Amino acid sequence: MIGLAVLTALLAGGAWWRAAWIVNQLLGSWAETTVAEKSGDVYRLDVGRVRFNLALRRVAVDSILVTTNRTLNALRPRPMAALRFGFHQCTISGVHLTTLILNGGLMAESFGCRLVSVAV
């Protein structure tokens, strides 16, 4: 009985660790790198602290900022739109855990933020 309890705890801990790691990679380094690459380094994505709650199937993100590198943008033959997007105190709810843990991406039922600011 103790062995089963230990195995269950290890599996739950491993699932939480993997899900949290994948969420941090998707919202952190992968997203930031992709925005920079796709925009020719004109746009920068900065993602604040990310917290994953396995029991509630929820991801909380302190802030998500998208800004323009004005100097680099001015050097382009056809400058892109200068923008500043700010998303604060965001929550991604209803995360599909199996899909996430099996590397199927971050699928969820809702996304919302307490404060959003947009300047273009």
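What's counted below: heavy atoms across the whole structure, side chains too, no hydrogens, waters or symmetry copies. Please read all numbers here as calculations on a predicted model, not as lab measurements.
Between Phe85 and Phe87, the angle of the ring planes goes over 60°, which puts this pair in the perpendicular group of the 30/60° scheme.
A search for side-chain contact (heavy atoms from CB on, under 4.5 Å) contacts involving Glu37 returns Thr33, not counting sequence neighbours. By the salt bridge (Lys or Arg N to Asp or Glu O under 4.0 Å) test, Arg44 is found to be paired with Asp46, residues two or more places apart in sequence or in another chain being considered.
Taking every heavy atom of both residues into account, Thr68 and Leu83 meet most closely at OG1-N, 2.8 Å. Closest of all the heavy-atom pairs between Ser93 and Ala108 is O-CB, 3.3 Å. Closest heavy-atom contact between Leu65 and His88: CD2-CE1, 4.0 Å. The two residues Arg76 and Ser39 have their closest heavy-atom pair at NH1-O, 4.0 Å.
Side-chain contact between Met107 and Thr98: absent, with no pair of heavy atoms (C-beta onward) separated by less than 4.5 Å. Asn69 is not listed as a side-chain neighbour of Tyr43, based on a closest heavy-atom distance of 4.5 Å or more. Side-chain atoms of Ile101 and Ile22, non-hydrogen and from C-beta on, never get closer than 4.5 Å to each other.
Hydrophobic clustering, with ILVMFWY side chains joined whenever heavy atoms are under 4.5 angstrom apart, keeps Val120 apart from Leu72.
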Point to revise | Step-by-step side-chain contact (heavy atoms from CB on, under 4.5 Å) determination, Leu102 to His96 | key: CA-CA 10 Å; Leu102 296 177; His96 296 221; over 6 Å; no

Practice item. Walk me through it: do Val23 and Ile92 pass the test side-chain contact (heavy atoms from CB on, under 4.5 Å)? Key: CA-CA 11 Å; Val23 164; Ile92 303 170; over 6 Å; no

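Note that the OG1 atom of Thr71 and the CG atom of Asp41 stand 12.5 Å from one another [nearest 0.5 Å]. We find the CG-NZ distance between Leu45 and Lys38 to be 14.5 Å, quoted to the nearest 0.5 Å.
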Side chains of residues 48-64: which donor-acceptor partners sit under 3.5 Å, not counting sequence neighbours?
{"unit_1": "Arg51", "atom_1": "NH1", "unit_2": "Asp62", "atom_2": "OD1", "d": "2.8"}
{"unit_1": "Asn53", "atom_1": "OD1", "unit_2": "Ala55", "atom_2": "N", "d": "3.1"}
{"unit_1": "Asn53", "atom_1": "OD1", "unit_2": "Leu56", "atom_2": "N", "d": "3.0"}
{"unit_1": "Arg57", "atom_1": "NE", "unit_2": "Val95", "atom_2": "O", "d": "2.9"}
{"unit_1": "Arg57", "atom_1": "NH2", "unit_2": "Gly94", "atom_2": "O", "d": "3.4"}
{"unit_1": "Arg57", "atom_1": "NH2", "unit_2": "Glu109", "atom_2": "OE2", "d": "3.3"}

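Judged by distance alone, the side chain of Asn73 and the main-chain N or O of Val42 form no donor-acceptor pair under 3.5 Å.
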